[in-house]
Each structure stands twice: as structure tokens, then as C-alpha cells.
Visitor: 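Dumping the structure here so I can ask a few things about it.
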Amino acid sequence: MAAAHPVEMLSAVQAAALWAGVLILILLGLSGLVVRRRRRHQIAFGDAGNVEMTTAARAFGNASEYIPAGLVALVLLALVGAPPLLVHAVGATLVVGRVIHALGLVFQKGPSLGRVLGMLLTWIALLVGAVALIAFAVI
């Protein structure tokens, strides 16, 4: 694929920066939730069998497992000259997926539509990012 025009490249980099910033804020928010619940329940380490602590820790843990791959994909898409619209689509899908998943985990007990939908959107964002990166690498 042809290299992007410098103005388009800047726009793709800005798109990646936007979604990276939002994803990092999600991680910080979920980390803050863990800290608040630790203080409320006076739990210094682990979850002490407390369901609220477990869900907060898993919401943060799950986000910290998936967001880094998304961040790498966003930055590399911008650097290889992907259209800004693609970077925005991957970033927005990942953000929505992560938010829906966290809400489904933190505010609903057991299996929930939020968790399922959030993971599907996360996987779609990562799959689209991965396929696009491979395409830009070989074409």
C-alpha cells in the first residue's frame, strides 16, 4: 500500500493518541475502583473472598490484559500509514468494548450481556487491527 501523505499520517497519529489517552484513562479509573474498594473493605492484598473486591480486581485485570495489545495496534496502524478512519474505528470499538465489559463485570452478578458484548467488541477491534497490520506489512 502507498505511504500516507504527511498530513494524513499526522491525523492517524492524532487518532491513535486520542484513543490511547482514553484507554489509559479507563485503566486509571478501574485502578481507582480497586483502591476505593480496598479502603472500604480494609483489604490490603488479594480479595479476601469479598465479591466486590474480586469484581473490581478482575475488571482492572481484564482491561490490563487486553488494552496493551490494542494500544500497540493503534500506534502501529498510525505508523504504517493506515487511514485515520481505520484508526478511529479500531480505537472507538476497543474503548466501547472495554467500557461495556467493565460495567457488566462490576455492576452485574455472574454472566452478563455486558461482559459478552464487551468481549466481542474487544475481539473485533483486535482482529481488525491485527488483519490490517498484516495487510499493511505484506501489501
Visitor: Any side-chain heavy atom of Met119 within less than 4.5 Å of one from Tyr66?
Guide: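 Result yes, sub-4.5 Å side-chain heavy-atom pair found.
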Visitor: Scan the side chains in residues 76-94 for donor-acceptor partners under 3.5 Å anywhere in the protein, sequence neighbours excluded, and list what turns up.
Guide:
from, atom 1, to, atom 2, distance (Å)
His88, ND1, Trp19, NE1, 2.9
Thr93, OG1, Ala89, O, 2.7

Visitor: Nearest 0.5 Å please: distance from the CG atom of Leu23 over to the CG atom of Leu74.
Guide: 6.5 Å
Visitor: Given the rule in the side chain to side chain donor-acceptor pair (under 3.5 Å) test, do Asn62 and Arg98 qualify, once you have shown the distances and angles that lead to the verdict?
Guide: CA-CA 9 Å; Asn62 190 274; Arg98 293 291 75 214; 2.6 Å; yes
Visitor: Working to the nearest 0.5 angstrom, can you tell me the gap between His101 NE2 and Leu120 CG?
Guide: 10.5 Å
Visitor: Would you say Leu33 and Ile67 are hydrophobically clustered, going by side-chain heavy atoms of ILVMFWY under 4.5 Å?
Guide: yes
Visitor: Asp47 and Met53: which non-hydrogen atoms are nearest, and at how many Å?
Guide: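 Taking Asp47 first and Met53 second, the nearest heavy atoms are CA-CG, 3.6 Å.
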Visitor: State, to 0.1 Å, how close Gly61 and Ser64 come at their nearest heavy-atom pair, and which atoms those are.
Guide: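 That closest heavy-atom pairing would be O-OG, 2.9 Å.
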Visitor: Find the distance between CG (Leu103) and CG (Leu117) and round it off to the nearest 0.5 Å.
Guide: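 Here the rounded value is 11.0 Å.
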Visitor: Taking Ser112 for the side chain and Gln108 for the main chain, is one N or O donor matched with an acceptor at less than 3.5 Å?
Guide: no
Visitor: More than 12 foreign heavy atoms under 6.0 Å from CD of Gln42: is that the case here?
Guide: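 Not buried by this count: 12 neighbours or fewer within 6.0 Å.
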Visitor: Distance from Leu105 atom CG to Leu30 atom CG, nearest 0.5 Å?
Guide: 9.0 Å
Visitor: Is Ile124 reachable from Val99 through a run of I, L, V, M, F, W or Y residues, each pair having side-chain heavy atoms under 4.5 Å apart?
Guide: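 In one cluster with Val99: Ile124, yes.
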Visitor: Hey, are the side chains of Leu27 and Phe60 touching, using non-hydrogen atoms and a 4.5 Å cut-off?
Guide: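 Result yes, sub-4.5 Å side-chain heavy-atom pair found.
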Visitor: Do Arg37 and Val106 come close enough that some side-chain heavy atom pair is under 4.5 Å?
Guide: yes
Visitor: Quick one: do Val75 and Leu71 satisfy side-chain contact (heavy atoms from CB on, under 4.5 Å)? Show the steps, please.
Guide: CA-CA 6 Å; Val75 170; Leu71 291 174; 5.6 Å; no
Visitor: Do Thr54 and Asn50 make a side-chain contact, defined as non-hydrogen atoms from C-beta onward lying under 4.5 Å apart?
Guide: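 No, their side chains stay 4.5 Å or more apart.
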Visitor: Between Glu52 and Arg36, does any NZ, NE, NH1 or NH2 come within less than 4.0 Å of an OD or OE carboxylate oxygen?
Guide: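 Looking at Glu52 together with Arg36, the answer is no, because their closest N to O distance does not fall below 4.0 Å.
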Visitor: In terms of hydrophobic clustering (I, L, V, M, F, W, Y; side-chain heavy atoms under 4.5 Å; direct or indirect links), are Val95 and Leu18 co-clustered?
Guide: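 They do share one cluster, since a chain of ILVMFWY contacts under 4.5 Å joins Val95 to Leu18.
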